[in-house]
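Each remark here refers to the structure printed beneath this line.
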Amino acid sequence: DAGVIQSPRHEVTEMGQEVTLRCKPISGHNSLFWYRQTMMRGLELLIYFNNNVPIDDSGMPEDRFSAKMPNASFSTLKIQPSEPRDSAVYFCASSFGPGYNEQFFGPGTRLTVL
Amino acid sequence: KQEVTQIPAALSVPEGENLVLNCSFTDSAIYNLQWFRQDPGKGLTSLLLIQSSQREQTSGRLNASLDKSSGRSTLYIAASQPGDSATYLCAVSGTGNQFYFGTGTSLTVIP
């Protein structure tokens, strides 16, 4: 298996622009997680899907952030409009079964908002 | 809310030394505890997962233990190698079906 796939790996954009991050979980996994990692705050859970349904989105910082999972093999995280404080590494992870089972992470997307 | 602490934040050891990384958590009502490794600029790699009913897990030179009652886990690395240099994170799952992460221990193994 190719593991969790994320694209793009790097994204540089200007403040106010829309940013879309993409994730393909490991085939057969039915839980998907979006995380954000910064030096100041460490690794934070943004949203958790189970069987394509958002279960916990309490970590989504504000309305500028939205996430979708239209099917079991694809998810997007969108930021609109983007701000410099959104600059971080965004990780997608997947697991089989409930959210507390072993998680497997993608390589991350490094986002820089100028 | 579950709080996870990892001490020390950084550790430097000579090659060949055995070492222990520590992880503590505030809420003992956990399902699993997972140890990860993160190399600079890379994603997280799962090392070991310990279920709440287990006391330890072993994989090669790594051994992770769990003491739920005291809210502690340790990751033991035997005969450290320069390739073990990375940041090690522990994550604890609680009743909220999510993992709470520590801030990690940055390990440097000196040849």
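Residue numbering restarts at 1 for every chain, and letters A, B, ... go by the order of the sequence lines.
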Spell out, yes or no, whether [X] and [Y] are grouped together once hydrophobic residues are joined by side-chain heavy atoms under 4.5 Å, including indirect joins.
X        : Y        : answer
A:Ile55  : A:Ile47  : no
A:Leu111 : A:Leu45  : no
A:Leu32  : A:Phe105 : no
A:Tyr35  : A:Leu21  : no

For residues 73-81 of chain A, run the donor-acceptor check on the side chains, cut-off 3.5 Å, and write out each pair with its distance to 0.1 Å, sequence neighbours left out.
{"unit_1": "A:Ser73", "atom_1": "OG", "unit_2": "A:Asn71", "atom_2": "OD1", "d": "2.9"}
{"unit_1": "A:Ser75", "atom_1": "OG", "unit_2": "A:Trp34", "atom_2": "NE1", "d": "2.9"}
{"unit_1": "A:Ser75", "atom_1": "OG", "unit_2": "A:Lys68", "atom_2": "O", "d": "2.8"}
{"unit_1": "A:Gln80", "atom_1": "NE2", "unit_2": "A:Glu18", "atom_2": "OE1", "d": "3.4"}

Quiz item: Taking atom CD of B:Gln34 and atom CD of A:Gln103, what is their separation to the nearest 0.5 Å?
Solution: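 It is 6.5 Å, given to the nearest 0.5 Å.
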Quiz item: Hey, what do you get for CD (A:Glu44) to OH (B:Tyr100), rounding to the nearest 0.5 Å?
Solution: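 Atom-to-atom, A:Glu44:CD and B:Tyr100:OH are 12.5 Å apart.
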Quiz item: For chain A, which residues of residues 44-73 of chain B have at least one non-hydrogen atom nearer than 4.5 Å to it?
Solution: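 Result: B:Leu44, B:Ser46, B:Leu49.
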Exercise. Heavy atoms only, distances under 4.5 angstrom: which of A:Gln37, A:Arg41, A:Arg110 has the most pairs with chain B? Name it, please.
Key: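 With the most close heavy-atom pairs to chain B, the winner is A:Gln37.
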Exercise. For A:Phe91 and B:Gln38, work out which heavy atoms get closest and say how close.
Key: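 Minimum heavy-atom contact is CZ-NE2, 3.5 Å.
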Practice problem: Measure centre to centre between the rings of A:Phe33 and B:Phe99, then say whether the value is under 6.0 Å. | Solution: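 No; B:Phe99 has its ring centre 6.0 Å or more from that of A:Phe33.
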Quiz item: With a cut-off of 6.0 Å (strictly less than), are more than 12 heavy atoms of other residues, nucleotides or ligands near CD of B:Glu3?
Solution: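 Not buried by this count: 12 neighbours or fewer within 6.0 Å.
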Quiz item: Above 12 or not: heavy atoms from other molecules or residues under 6.0 Å from CD of A:Glu14?
Solution: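 Not more than 12 within 6.0 Å, no.
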Self-check item: Pairwise side chain to side chain donor-acceptor pair (under 3.5 Å) hits with a residue in residues 4-26 of chain B, at least two apart
Solution: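 Sorted pair list: B:Gln2-B:Thr26, B:Asn18-B:Tyr76.
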Quiz item: In the hydrophobic cluster built from side-chain contacts under 4.5 Å, what are the other members alongside A:Val12?
Solution: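 Besides A:Val12, the cluster holds A:Leu114.
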Exercise. Check whether A:Asn101 gets within reach of chain B through its side chain, its backbone, both or neither, counting any heavy atom under 4.5 Å.
Key: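 Answer is both: backbone and side chain atoms of A:Asn101 are under 4.5 Å from chain B.
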